[in-house]
Q: 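A single structure is presented below for examination.
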Amino acid sequence: MDDGADRHLRELLDGTVDCVPGEQLAERVRRGERLRIKWGIDPSAPDIHLGHTVPMRLLRRWQRRGHRPVVIIGDVTARIGDPSGRSATRPQLEPEAVEANAATYLDQLFCLLDPAGVEVRRQSEWFQDFGLEGMLRLAGSVTVAQLLQRDDFASRMGRQHPIGLHELFYPLLQGYDSIAVAADVELGGTDQLFNLLLARELQASAGQPPQAIVTVPLLEGLDGHRKMSKSLGNAVAVRAPATEQYGQLMSLPDPSVGPYLRLVTDLPEARQTALREGMADGSVNPRAAKAEMARAVVSVFHGPEAAARAAAEFDRVHRGHGLPATIPEAPVLTGMEQDVRQVLVLAGLARSRGEAARLVTQGGVTLDGARVTDWRIPIAPPPGAVLQVGPRRFVRLGRAG
RNA sequence: GGGCGGGUACCGAAGUGGUCAAACGGGGCUGACUGUAGAUCAGCAGGCGUACGCCUACAGGGGUUCGAAUCCUCUCCCGCCCA
């Protein structure tokens, strides 16, 4: 009996970083309570990305164990932008943009979660008519000094960088969500620690039992060190095509393979360990480990067949220097002599003739597989000719017009 | 209200009268090599002209000067501190 509960608890907390207050949560789980577990996501960009799936996976685990996921669509906080880890205020989003993003989030959410039993709520449900009165009351429940303890605020203060007043409200609004949905537990990345803890205090001062909090590691982005984030341009969107996801994942620096295996694949523990150790002692080619990881990740969103196809395509194009399966067409005149630079610009492969000339000079341009060596010599591409720039940009030139 | 510091290319940041289309870093791009779009190394980087050149650009306007990102002046915007 106790064993079962303990196993249950271990499963819930496996791979997590912090759990506050640990013992209290353990007790509730042992009593067999079904907990309301909150996780919030801001629709600040059109796509959910791999970084979001780390907490989503944990949420799914809790869901499978009979707890109730409560997903908050942060349609109000999205307009502020979470200041966490940021050293600058960011522009506030327009409500229309947030609304559009929120709409696309809903289906992306269920790429991992089982829709049955998930409670999806929007912040605007309770903030719509919150009013000045509500704001003031909420603001009155914390002190400025408390808010400024937050790491990113403190460091900005220290460096004399600006902090928008609205940014201070971010943790308050997020915290109030916990009151609104009567959360028992809240999940979040480690960068959310402050916000999660503050929610406990707000709940307490509202006469509600404070939620437990559980944090998960942050997924590093494609650059290998900064947190994955759309605005940093280092994210893999969950609804990106399989080939794109695969290619992006293959561009990860080697040291990231381990964390990705652990955080965003379903590969068995034993296999993950084998790959990690193999890379460490040199018995496994890091490229092979990375490829296996990439295939596993793509499988989660597109299924194993599509993942295998993406891998094959990638090898064909990048290792075998073949042509990709689909090549965009450009409406460029063919069959007559013309300036290479002009063609490159028209085909959208260069932004200016100067850039085009540079690309040719550097040897980055091929026409039907033959390198174009001198931009001063005009070319006469036959209809359907393939123009390539660099290792991965291809365009098929349109029929003669 | 007072004091101070700023606004430079995609971002960050040098430059404070000519040699500045503007250092350096990040990001981007190309090549070599390879294990891939990874690592490393090398290179490119406003536009137009096949060179010499011209045009546009250092928040905006006006001015000084043979010559201004750099000096003066007005305007706009931003930050910090003190009230």
Side-chain angles (χ1 to χ4, degrees), chain A residues 86-91 148 153-165 167 220-226 228-236 240-261 275 278-279 282-295 297-298 307 310-324 337-345 347-366 371-379 387-394:
Chain A
R86 297 193 169 263
S87 54
T89 306
R90 44 181 189 192
L148 290 182
F153 290 149
S155 81
R156 279 203 248 169
M157 285 294 275
R159 278 177 295 168
Q160 304 203 322
H161 283 178
I163 298 170
L165 181 57
E167 294 184 89
E220 62 222 52
L222 294 172
D223 54 32
H225 57 278
R226 289 178 304 175
M228 180 174 283
S229 135
K230 183 67 197 290
S231 56
L232 292 175
N234 62 1
V236 178
T243 47
E244 184 181 331
Q245 290 183 339
Y246 188 86
Q248 288 179 319
L249 289 165
M250 286 304 282
S251 78
L252 268 180
D254 294 347
S256 297
V257 173
Y260 271 61
L261 282 170
L275 288 173
M279 278 190 289
S283 64
V284 170
N285 183 336
R287 202 207 87 88
K290 198 189 289 182
E292 184 165 342
M293 176 279 291
R295 214 163 50 238
V297 173
V298 175
E313 169 84 351
F314 184 88
D315 284 350
R316 199 165 56 72
V317 175
H318 296 294
R319 295 225 270 164
H321 302 293
L323 294 179
E337 290 216 328
Q338 47 196 320
D339 191 329
V340 197
R341 297 171 304 167
Q342 190 62 31
V343 175
L344 284 166
V345 172
L349 294 171
R351 254 171 293 173
S352 67
R353 316 184 98 210
E355 181 180 335
R358 220 178 293 136
L359 289 169
V360 172
T361 306
Q362 293 182 139
V365 178
T366 61
R371 177 157 296 177
V372 179
T373 52
D374 190 343
W375 55 266
R376 279 165 294 203
I377 302 169
I379 56 167
L387 194 58
Q388 178 182 0
V389 169
R392 58 186 228 265
R393 294 163 67 208
F394 301 84

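Residue numbers start from 1 in every chain, and the chains themselves are labelled A, B, ... in the order their sequence lines are given, proteins ahead of strands.
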Q: At less than 3.5 Å, do the side-chain atoms of A:Q362 and the base atoms of B:G43 form a donor-acceptor pair?
A: yes

Q: What nucleotide, of B:G38, B:G47, B:C29, holds the atom closest to the side chain of A:R392?
A: B:C29

Q: Measure the distance from CZ on A:R371 to C1' on B:U30 and round it to the nearest whole Å.
A: 10 Å

Q: Given B:A37, B:G35, B:U50, identify the nucleotide with an atom nearest to the side chain of A:F314.
A: B:A37

Q: Ignoring backbone atoms, test whether A:T361 places a side-chain nitrogen or oxygen under 4.0 Å from the OP1 or OP2 oxygen of B:C44.
A: no

Q: Does the side chain of A:R341 get closer than 4.0 angstrom to OP1 or OP2 of B:U50 through an N or O atom?
A: yes

Q: Within the structure shown, what part of the strands sits under 4.0 Å from A:G247 by heavy-atom distance: base, sugar-phosphate, or nothing?
A: base

Q: In whole Å, what is the span from the CG atom of A:L359 to the C1' atom of B:G31?
A: 11 Å

Q: Can you check the distance between B:A57 and B:U70, where both ends of the measurement are the P atom (answer in whole Å)?
A: 13 Å

Q: Take atom C1' in B:G7 and the same atom in B:A59, then report the distance between them in whole Å.
A: 6 Å

Q: Distance criterion of 3.5 Å, no angle test: do you see the side chain of A:D223 paired donor-to-acceptor with the base of B:G27?
A: no

Q: Would you call A:R316 and A:E313 a salt bridge, using N to O less than 4.0 angstrom?
A: yes

Q: Within this structure, what is the CZ-to-P distance between A:R353 and B:C48, rounded to whole angstrom?
A: 7 Å

Q: Ignoring the backbone of A:R358, work out which of B:G43, B:G47, B:G38 is nearest its side chain.
A: B:G47

Q: Roughly how many Å is it from CD in A:E355 to P in B:C44, rounded to a whole number?
A: 15 Å

Q: A:I163 CD1 to B:C78 P: how many Å, rounded?
A: 17 Å

Q: Checking contacts here: which listed nucleotide (B:G38, B:U50, B:U30) is nearest the side-chain heavy atoms of A:R393?
A: B:U30

Q: With rounding to the closest Å, how many angstrom separate the P atoms on B:G12 and B:U8?
A: 7 Å

Q: Counting only Watson-Crick or G-U wobble pairs whose two distances fall under 3.5 Å, which nucleotide matches B:A32?
A: B:U40

